[in-house]
Amino acid sequence: MADTLLPELEKEGLMDLFRDVEMPLLSVLLDMEMTGVTLDDGHLTRFSAALQSQLEVLQADIQRLAGSPFNVDSPKQLGDILFEHLGITAKVKKTKTGQYPTSEAVLSKLKDAHPIVGKVLEYRKLKKLRSTYVEPLPALVNPSTGRVHTTYMQVVAATGRLSSKDPNLQNIPIRTEQGREIRKAFIPSGPNRTLLAADYSQVELRIAAAMSQEQGLIQAFQAGEDIHAATAAKVFGVPVEEVTRDQRSQAKAVNFGILYGQGAFGLAETLGIPRKEAKQIIDAYHAQFSGLQAFTKACVDRAREEGRATTLLGRRRPLPDIQSNNAVVRSFAERNAVNTPIQGSAADIIKLAMIKVHKALEGMDSQLIMQVHDELVVDVAKEELETVTRLVTQSMEDALKLEVPLVVDAQHGATWLEAH
DNA sequence: AATTTCACG
DNA sequence: ACGTACGTGAAATTA
């Protein structure tokens with residue numbers, strides 16, 4: 001096996017990435033998985049009961065409003081209730097199996113059409129939390145360690161990111177009030193210990209700035225400016241001090257959208273504005289940051305030439321569809337051609353950081369326990385907190401030298417939630 | 001096994 | 001005319 005594959009890595013120029021990143025990372029991941037994460041399952045048990053009673057009330061309300069006791073968890077039955085029995089009219093295209101779509105995106109727009117819609121949204125939100133996190137997590141606690149031990153997958157994500165399964169620790173809720181209750185269940189491994197969470201600030205946008213050599217972005221990052229406000233100032237042609245909240249949040253959406261190849265249609269959807277306005281914003285963005293526009297074009301051109309996208313460390317993603325005659329298929333590959341170098345380079349960087357952090361923690365009483373794409377979580381002995389914070393922050397910020405600084409925010413607390 | 005939905009970065 | 005922002009994993013239903 002090695003006899004055939006090693007020469008192939010050599011021939012393809014992937015030996016350094018293999019030897020210096022993926023192989024050393026393997027033992028880091030093994031340590032993280034073996035160490036595991038401590039859960040406060042009493043907290044989860046209490047929260048589960050609270051969710052259950054809310055869900056029962058919501059289910060009864062929904063069935064009363066529907067006029068019949070259908071299965072609220074069934075998208076098919078829900079669609080029939082909403083769009084036939086209750087006569088809600090929506091100009092939406094059906095799913096590929098001919099059902100009415102009932103996704104959050106669809107239902108949110110129908111909130112005013114019928115009181116049942118809001119109830120369904122709330123039911124779905126709580127049901128998700130209970131069935132995906134609150135109920136399964138305690139069952140995954142290993143009886144001999146008393147902790148959950150995820151498995152990090154090194155080779156499933158096309159961009160070079162890690163993935164996490166059984167349980168997936170990379171999609172633990174945080175965006176909603178009740179979701180945050182679940183984060184509170186992630187706690188340090190013992191008394192006199194704390195959780196340190198260190199995350200990269202806008203790492204993908206910084207990478208895009210460095211890779212594109214877009215001077216406007218580079219200078220803003222070098223000056224340590226509020227990047228979304230600085231973007232808004234340029235896009236809307238106003239002084240930074242006069243940027244409104246709305247303008248900043250629109251600029252933030254564009255900054256994100258650009259990295260993924262979002263168009264006017266998608267931006268209009270995200271911001272809830274007319275497509276014409278979205279187009280004006282994107283045009284102004286491109287005019288102000290022409291280096292970024294040139295970069296995205298160069299990504300597509302290069303992928304068309306080489307048949308693949310490449311990250312800062314030489315990781316590759318084949319993109320055969322970039323040659324497709326089907327515009328939908330080809331456009332998808334073109335967005336991958338732009339996004340993969342960025343997302344994949346961010347993965348490269350945090351992998352380098354993890355190897356550094358792991359090495360630096362050798363012999364100490366603190367362990368790396370989680371990676372969530374742009375964040376590392378460390379279970380820290382309190383007496384080591386200052387040292388570990390400094391060491392983790394520096395390892396991450398110095399993981400790779402770019403023309404823009406990499407900035408890390410590090411906080412600690414008695415739960416994963418408090419560490420943010 | 002495939003589909004739909006939704007949690008995260 | 002078409003579809004429309006990238007990358008994952010898990011649960012429940014549908015077929």
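Side-chain atoms are counted along with the backbone in the values below, which use heavy atoms only and exclude waters and symmetry mates. A, B, ... follow the sequence lines: proteins, then strands. Residue 1 opens every chain.
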With sugar-phosphate meaning primed atoms plus P, OP1 and OP2, does [X] contact a base, only sugar-phosphate, or nothing at under 4.0 Å between heavy atoms?
{"X": "A:K128", "value": "base"}
{"X": "A:G266", "value": "sugar-phosphate"}
{"X": "A:A158", "value": "sugar-phosphate"}
{"X": "A:D199", "value": "nothing"}

Legend entry - A:K119 atom NZ, neighbour heavy-atom count above 12 within 6.0 Å: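 No, because the 6.0 Å sphere around NZ of A:K119 holds 12 heavy atoms or fewer from other groups.
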Checking contacts here: which listed nucleotide ([options]) is nearest the side-chain heavy atoms of [X]?
{"X": "A:R335", "options": "B:dG9, C:dA12, C:dA5", "answer": "C:dA5"}
{"X": "A:T270", "options": "C:dA5, C:dT13, C:dT8", "answer": "C:dA5"}
{"X": "A:Y260", "options": "C:dA5, C:dT13, C:dA11", "answer": "C:dA5"}
{"X": "A:R161", "options": "C:dG9, C:dG7, B:dA7", "answer": "C:dG7"}
{"X": "A:S74", "options": "C:dG9, C:dA11, C:dT13", "answer": "C:dT13"}
{"X": "A:F332", "options": "C:dG7, C:dA12, B:dG9", "answer": "C:dG7"}

Inset, instruction - Quickly work out the A:Q371 CD to C:dG9 P distance and round it to whole Å. - result: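 One finds 13 Å between P of C:dG9 and CD of A:Q371, rounded.
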Inset, instruction - Take atom CD1 of A:I172 and atom C1' of C:dA11, then tell me their distance rounded to the nearest Å. - result: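 Computing the A:I172:CD1 to C:dA11:C1' distance gives 14 Å.
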Legend entry - Whole-Å C1' distance, C:dC2 and B:dC6: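 It works out to 27 Å between them.
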Legend entry - A:E104 (side chain) and B:dC6 (base): donor-acceptor pair under 3.5 Å: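 By the distance-only test, no, there is no pair.
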Legend entry - Any donor-acceptor N/O pair under 3.5 Å between B:dG9 base and A:R175 side chain: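 Looking at the base of B:dG9, it does pair with a donor or acceptor on the side chain of A:R175 (distance under 3.5 Å).
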Inset, instruction - Could you tell me whether A:D348 and A:K351 make a salt bridge, using a distance below 4.0 angstrom between a side-chain N and a carboxylate O? - result: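 Salt bridge: no.
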Legend entry - A:E22 with A:R315: basic N within carboxylate O range, under 4.0 Å: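 Salt bridge: yes.
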Legend entry - Minimum-distance pair of heavy atoms, taken over all atoms of A:A346 and A:V203: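 Scanning both residues, the minimum pair turns out to be CB-CG1, 4.2 Å.
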Legend entry - Watson-Crick or G-U counterpart of B:dG9, or none if no pair lies under 3.5 Å: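 In the structure as shown, B:dG9 has C:dC6 as its Watson-Crick or wobble partner.
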